[in-house]
**Q** 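For reference, the structure I am asking about is given below.
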Amino acid sequence: MDAQFWEDKYRAQEQLFSGDPNGVLVAEVTGLAPGQALDVGCGEGGDALWLAGRGWQVTAVDISPTALARAAAAATEPAGRVSWARADLTATPPPAGSFDLVSVQYFPLPRRPDHGPLRGLLSAVAPGGTLLVVGHDLADLPPDLPFDPGDYYQPADIAALLGDDWTVLVNETRPRVVPAPPGTHHTHDTVLRALRAKV
């Protein structure tokens, strides 16, 4: 699932996603004091725009220019609350210690022996900040996928790699709060929410 894969996927449809924020994001972030947020794999911008509308300053990153163009075109947030950026966070890590929230919603982060890309995302969470990682329950995935889900981190894998400077608040599988996208059968989400210790 490289850059060309995602660009082709977005170009194949006029709109790939609903434009609504992910249900787990809404459930887990509502009530947090707004600050700086990193939306990893922002797609067409539903999560970033929801966060911006609630006072967050959002850096929304995706590898697909088509997705970013659609997100920017749909933007109705107060001017300057979202910065749209094309980047491959598996190759170039985000700035360390910069975000009060790092949101990773259904983002296929490939496993690496040194955990380099993952450690880059973890380092981006500021002291006292929140990491939120959401994935599809592997039990819901069809057997004929063109990739091996085991090649990508699941939220529970990430929880197991967190150090003593993290407190895991949520590490569970739960029913989806909104219906799965048409043509899919995702009935459950896997969710990790962790808090980084303050300095």
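Just so you know, these numbers use all the heavy atoms, side chains as well, and skip hydrogens, waters and symmetry mates.
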**Q** What pairs of residues pass the salt bridge (Lys or Arg N to Asp or Glu O under 4.0 Å) test when at least one of them lies in residues 94-115, not counting sequence neighbours?
**A**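 As it turns out, the salt bridge (Lys or Arg N to Asp or Glu O under 4.0 Å) pairs with a partner in residues 94-115, which skip direct neighbours, are Arg111-Asp157.
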**Q** I'd like to check the side chain to side chain donor-acceptor pair (under 3.5 Å) partners of Asp165; sequence neighbours left out, ordered by chain and number.
**A**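 Side chain to side chain donor-acceptor pair (under 3.5 Å) list for Asp165, sorted by chain: empty.
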**Q** Among pairs that include at least one residue of residues 23-42, which meet salt bridge (Lys or Arg N to Asp or Glu O under 4.0 Å), considering only residues two or more places apart or in two chains?
**A**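 Applying salt bridge (Lys or Arg N to Asp or Glu O under 4.0 Å) to every pair that reaches into residues 23-42, excluding sequence neighbours, yields Glu28-Arg174, Glu28-Arg193.
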**Q** Quick one, Val133 and Phe107 - any side-chain contact, counting heavy atoms below 4.5 Å?
**A**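 They are not in side-chain contact.
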**Q** Quick one: which residue pairs count as a ring pair (Phe, Tyr, Trp, His ring centres under 6.0 Å) with a foot in residues 110-134, not counting sequence neighbours?
**A**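 For residues 110-134, and leaving out neighbouring residues, the ring pair (Phe, Tyr, Trp, His ring centres under 6.0 Å) pairs sorted by first residue read His115-Tyr153.
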**Q** Applying side chain to side chain donor-acceptor pair (under 3.5 Å), name anything that partners Gln105, two or more places apart in sequence or on another chain.
**A**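 Here the qualifying residues are Ser103.
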**Q** Can you list every side chain to side chain donor-acceptor pair (under 3.5 Å) pair that touches residues 48-58, not counting sequence neighbours?
**A**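 Qualifying pairs: none.
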**Q** Quick one: list whatever passes side chain to side chain contact (heavy atoms under 4.5 Å, CB included) with Thr92, sequence neighbours left out.
**A**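 None.
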**Q** Indicate the atoms forming the closest heavy-atom contact of Leu51 with Ala37, along with that distance.
**A**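 In terms of heavy atoms, the two residues are closest at CD1-CB, 4.2 Å.
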**Q** With sequence neighbours excluded, what pairs up with Thr173 under the side chain to side chain contact (heavy atoms under 4.5 Å, CB included) test?
**A**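 Applying side chain to side chain contact (heavy atoms under 4.5 Å, CB included) to Thr173 gives Asp137, His188, Thr190.
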**Q** Please list, chain by chain and in numerical order, all residues satisfying side chain to side chain contact (heavy atoms under 4.5 Å, CB included) with Asp151, sequence neighbours excluded.
**A**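 Counting only residues at least two positions away or on another chain, Asp151 forms a side chain to side chain contact (heavy atoms under 4.5 Å, CB included) with Asp148.
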**Q** Table please: side-chain donor-acceptor pairs of residues 119-131 below 3.5 Å, with sequence neighbours left out.
**A**
unit_1, atom_1, unit_2, atom_2, d
Ser123, OG, Arg119, O, 2.9

